[in-house]
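Only one structure is covered here, and it is reproduced in the block below.
Labels below follow one simple rule: chain letters A, B, ... track the order of the sequence lines, proteins then strands, and each chain is numbered from 1.
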Amino acid sequence: MMQDIYQPTVVEAAAQALWERDGAARSSEQAPGQKYYCLCMLPYPSGRLHMGHVRNYTIGDVITRYQRMNGRNVLQPMGWDAFGLPAENAAIKNRVPPAKWTYDNIAYMRMQLKSLGFAIDWEREVATCEPRYYRWNQWFFLRMLEKGLAYKRTATVNWDPVDQTVLANEQVIDGRGWRTGALVEKREIPMYYLKITAYADELLDALDHLPGWPERVKLMQANWIGRSEGVEIGFPYDSGVLKVFTTRADTLMGATYVAVAAEHPLALKAAAQDPKIAAFVEECRKGGVTEAELATQEKKGIATTMRVQHPLTGEALPLWVANYVLMSYGEGAVMAVPAHDERDFEFAKKYGLPLKVVVRVPGGAAEDARSMAQPVISKDVVLCDSGKYDGLDYQAGVDAIATDLAAKSLGQKRVQYRLRDWGISRQRYWGCPIPIIHCPDCGDVPVPDKDLPVVLPEDLAPDGSGNPLAKYKAFVDCACPKCGKPARRETDTMDTFVDSSWYYMRYACSDNDAAMVDGRVDYWLPVDQYIGGIEHAILHLLYSRFWTKAMRDMQLLKFDEPFTNLLTQGMVLNHIFLRKTAAGALDYYSPTEVELKHDADGRVSAAVLKVDGKPVQYEGLGTMSKSKNNGVDPQALVERYGADTVRLFMMFAAPPELTLEWSEAGVEGAQRFLKRLWKAISEHVNTGPAPALDTAALSPGQRVLRRQVHETIVKVGDDIGRRYTFNTAIAAIMELLNAVTRTENITPQDRAVKQEAYTAITLLLSPMVPHVCESLWTALGQPGSLIAARWPAADAGALKRDSLELVVQVNGKLRGSISVPVDAGREQVEQAALSEPSVQPFVQGKTVRKIVVVPGRLVNVVVA
RNA sequence: GCCUGGGUGGCGGAAUUGGUAGACGCAAGGGACUUAAAAUCCCUCGACUUAAUCGUCGUGCCGGUUCGAGUCCGGCCCCGGGCACCA
């Protein structure tokens with residue numbers, strides 16, 4: 001007899017013990033079947049899993065289990081992105097060394113992942129903070145240095161003048177340091193860079209050969225790389241030539257001034273001579289370094305007394321210093337054509353600089369420079385007031401001007417990228433040390449391979465000001481590998497994006513301490529399916545692609561792209577509630593502490609705190625986070641409902657790419673479904689064994705149910721395997737269960753059809769809710785363990801239909817429906833539609849203009 | 001500011017290639033069972049009109065293409081993600 005109450009705790013413990021015993025999640029290069037590498041983005045060990053993790057790893061597990069049922073040799077690994085800022089913050093707050101905090105978190109989160117029943121091969125686990133992992137960061141960095149792919153130059157960073165510390169962008173709040181409240185400044189410091197721009201063209205072009213990536217991610221990456229063809233133009237001045245880059249060389253005759261960034265050498269030269277300019281340059285040093293901040297600040301500038309010559313006319317143009325010119329793009333200088341550029345236009349209007357119209361729309365007249373309300377920026381233009389270039393279109397104008405500039409050695413065509421090289425130095429403790437030694441005599445000396453890894457001391461505790469490594473003599477003091485004299489070890493560590501740029505390769509060979517990767521990498525990679533948050537669409541994914549190509553060019557692997565298919569999941573959101581305290585601070589309240597009041601229409605009208613009944617402010621939806629106090633602890637849910645219910649709700653609530661709003665009520669709905677399924681199957685099996693199915697002897701009702709079973713097999717396979725719409729797969733299975741339980745249960749063949757249906761439901765549902773399905777499989781009398789079972793195949797005979805339902809429209813409006821034989825001809829369908837009683841009133845007395853027949857769907861009668 | 005998605009009942013969502021808008025589930029209301037409660041089961045559930053409809057309207061807003069538009073095109077509004085040192 002099968003237990004008639006669903007007990008998730010019992011069921012899940014049994015299933016997990018069974019999988020553990022059989023090593024069900026272990027992977028081997030020798031196992032049969034075509035390899036399938038299913039990878040989820042590795043978590044940062046922040047302490048506990050959050051719902052975003054649960055969503056991410058459930059999606060990966062569903063795909064893993066589905067592919068395994070389809071005969072693939074699947075690898076699903078897991079690891080920890082274990083270096084990073086939060087460990088240092090926790091250390092400052094709790095005085096626990098980052099290493100201990102991190103390893104404790106990993107242990108807890110590993111337990112959580114296991115309790116959710118994910119089929120992860122734990123033998124390949126990697127933590128990026130382990131020396132046996134990060135030594136290969138260091139090793140490969142040295143190879144890049146040898147090849148000229150890594151180099152050193154200065155970079156602009158956020159500087160907290162009180163703590164004397166570099167701040168992460170996240171640590172700058174409203175232009176002030178998060179701990180000191182001091183106004184943040186920009187500061188130039190030396191930094192190591194990786195030359196990702198050397199791969200800009202390949203990174204861009206290869207996007208066209210990634211059909212398994214979402215269009216939006218490819219588009220964002222393409223725009224991020226930002227390849228533009230243009231002309232580099234030189235503006236001579238008394239002691240040199242000012243270079244600018246422009247994509248609009250056709251408008252060169254309309255340039256009325258030039259502008260340079262505050263950090264530009266000419267700006268600094270002007271500042272040295274004029275205190276007002278020096279003050280402006282100093283003002284530009286205030287504030288943070290993010291592009292968003294730079295782009296939204298008010299456009300400001302200051303005139304210098306310097307002049308440059310127009311390269312074609314020789315006209316003297318004034319030189320301005322402007323905060324809207326970015327030192328990091330192009331040459332840090334622009335030619336300003338206010339009549340044909342948004343930013344130049346706004347700037348010129350503000351400072352009363354002249355406009356000169358030099359292009360017009362084809363067929364139209366040139367706009368009057370004095371009255372124009374907005375610049376003409378289209379490239380569909382004809383040149384005018386440009387002397388010999390008049391009448392040329394955009395491309396011809398660019399070509400002619402570029403040719404003339406080249407003849408004077410004052411310009412040439414050039415490709416410019418928005419993409420910048422990747423600065424990897426971080427003035428942080430909890431990261432991978434950069435393997436460089438600074439010698440007073442020999443300069444920057446790479447640490448020899450035999451001395452790798454440069455091990456990070458794990459027992460230091462940062463205090464918030466500066467990098468504790470720099471104060472730790474045992475680490476800093478060393479001998480120069482070249483000359484042996486006392487030297488100083490580099491104390492900067494690497495950007496954690498370095499760690500996550502190749503971890504997925506290490507899973508293939510995490511036991512190999514003699515090499516970064518070995519031949520197994522070419523077996524498992526590229527990753528067949530990568531799954532992670534949309535927030536990583538650009539940086540992590542682009543760095544990983546770059547890193548792969550760099551490794552390929554050093555003959556370490558044989559593939560060009562790391563991820564064949566990419567699924568970007570949406571974020572998990574929850575409501576945010578807060579109160580402002582008298583002191584002005586914000587107190588956030590968990591949605592579980594808040595009671596919502598609804599108006600008569602069911603809309604939320606007010607929110608009050610349960611403990612005091614007084615109102616709280618509703619701040620809308622936001623990603624779950626500790627700071628907003630709106631996270632939901634997955635562990636509490638697993639304990640209350642079981643892992644299967646949590647997994648089922650996650651997959652059912654929304655398609656993976658959309659944001660998901662948290663709802664506890666929905667979780668109960670998921671649990672209800674599993675209970676209903678359990679009850680239905682226990683009633684079925686407790687009646688005794690079902691007889692064999694005789695497909696030739698089925699009643700019409702039995703045939704209808706059996707057709708739905710096989711239609712559902714087709715749909716769920718397509719939804720999971722191709723569309724990744726797990727929500728619609730689950731909905732179809734729910735419909736099937738509803739149909740089975742509503743069908744009568746009288747004859748032996750009724751029971752035979754139901755046995756087939758319940759077996760199919762168990763198989764179809766198993767990737768989503770594997771524990772409960774394992775029990776149901778056994779209860780249904782199926783041999784062996786479900787984890788070894790194959791995905792069901794639909795029976796073509798069961799899918800056959802004799803007649804079709806077609807919808808009938810008149811002028812596009814639904815008026816009725818007809819049933820026609822599957823092999824009915826067009827005329828028969830038209831006749832049936834016209835004679836349908838519910839359609840007749842709308843057709844009578846009118847002229848039938850045409851009849852549109854969409855086979856298998858509808859008939860539209862067009863009348864007048 | 002720039003790049004990129006999204007907006008459909010009270011709510012999450014479905015409608016896969018331009019072809020029945022609202023599948024499936026949640027919440028709500030009504031009923032059955034029960035001494036009672038919970039659980040479970042059944043019914044109703046976009047708006048308007050109506051005795052009831054097979055009527056009219058309805059997929060953020062405005063306009064267009066089409067026999068037919070949630071889906072395609074143009075213009076707007078609002079919300080989310082990213083912007084290079086959060087991960």
Calculate the interatomic distance between A:F652 atom CZ and B:rC26 atom P; express it in whole Å. 8 Å
For B:rA37, give the paired nucleotide (Watson-Crick: N1-N3 plus N6-O4 or O6-N4; G-U: N1-O2 and O6-N3; both under 3.5 Å), or none. none
Below 4.0 Å: OP1/OP2 of B:rG5 and any side-chain N or O of A:R216: no
Applying a 3.5 Å limit to both distances, which nucleotide forms a Watson-Crick or G-U wobble pair with B:rG5? B:rC79
Specify the separation, in whole Å, of atom CD of A:E291 and atom C1' of B:rG1. 9 Å
Main-chain N/O of A:N727 paired with A:T725 side-chain donor or acceptor, under 3.5 Å: no
Would you please indicate yes or no on a ring centroid separation below 6.0 angstrom for A:Y133 and A:W80? no
Check if the side chain of A:K813 and the base of B:rU56 share a donor-acceptor pair of N or O atoms closer than 3.5 Å. no
A:T496 side-chain N/O to B:rA87 phosphate OP1/OP2 under 4.0 Å: yes
For B:rG12 and B:rC76, measure between their P atoms and round to the nearest Å. 28 Å
State whether A:R742 places a side-chain N or O below 4.0 Å from either non-bridging phosphate oxygen (OP1 or OP2) of B:rC41. no
Under the 3.5 Å rule, do the base of B:rC67 and the side chain of A:Q809 count as making a donor-acceptor pair? no
Using the P atom in both, what is the distance from B:rG22 to B:rG55, to the nearest Å? 14 Å
With a 4.0 Å limit, can you tell me whether A:N727 has a side-chain N or O closer than that to the phosphate oxygens OP1/OP2 of B:rC24? no
Can you check whether any acceptor in the base of B:rC85 is under 3.5 Å from a donor in the side chain of A:R428, or vice versa? yes
Distance between the P atoms of B:rC62 and B:rA69, in whole angstroms? 16 Å
Quick check on the 6.0 Å ring-centre criterion: do A:Y134 and A:F83 meet it? yes
Say we look at B:rC45 and B:rA27: how far apart would their C1' atoms be, to the nearest angstrom? 11 Å
Watson-Crick or G-U wobble partner for B:rU44, using a 3.5 Å limit on both distances? B:rA28
Does the pair A:E342/A:K299 count as a salt bridge with the N-to-O cut at 4.0 Å? no
Roughly how far apart, to the nearest Å, are B:rG7 and B:rC61 at atom P? 13 Å
Is the distance between the ring centroids of A:F347 and A:Y324 under 6.0 Å? yes
Counting any heavy atom closer than 4.0 Å, what does A:S425 reach on the DNA or RNA strands: base, sugar-phosphate only, or nothing? base
Check the distance between B:rC79's C1' and A:M571's CE and give it to me in whole angstrom. 14 Å
Considering every strand and a 4.0 Å limit on heavy-atom distances, what is the contact class for A:S838: base, sugar-phosphate, or nothing? nothing
Should A:R857 be listed as having a side-chain N or O under 4.0 Å from OP1 or OP2 of B:rG18? no
Quick one: does A:N169 reach the base of B:rC85 with a side-chain donor-acceptor pair under 3.5 Å? no
So A:H536, base contact, sugar-phosphate only, or nothing? Heavy-atom distance under 4.0 Å. base
With a non-hydrogen cut-off below 4.0 angstrom, is A:F497 in contact with a base, only sugar-phosphate, or nothing? base
Write down the distance separating the P atoms in B:rG25 and B:rC42, rounded off to the nearest Å. 11 Å
Can you tell me, in whole Å, how much space there is between the C1' of B:rA87 and that of B:rG6? 24 Å
Does B:rG5 sit syn or anti, given that only angles within 90° of 0 count as syn? anti
How many whole angstroms separate atom CH2 of A:W213 from atom P of B:rU4? 17 Å
Just N and O in the side chain of A:R815: are any of them under 4.0 Å from OP1 or OP2 of B:rU20? no
When rounded to the nearest 0.5 Å, the distance separating CD1 of A:I534 from CG of A:L658 is 11.5 Å
Against A:R426, only a single residue in A:D492, A:D495, A:D499 fulfils salt bridge (Lys or Arg N to Asp or Glu O under 4.0 Å); can you say which? A:D495
Searching all strands shown, indicate the nucleotide that pairs with B:rA84 (Watson-Crick or G-U wobble; both distances under 3.5 Å). none
Rounded distance in Å between the C1' positions of B:rA14 and B:rU59: 12 Å
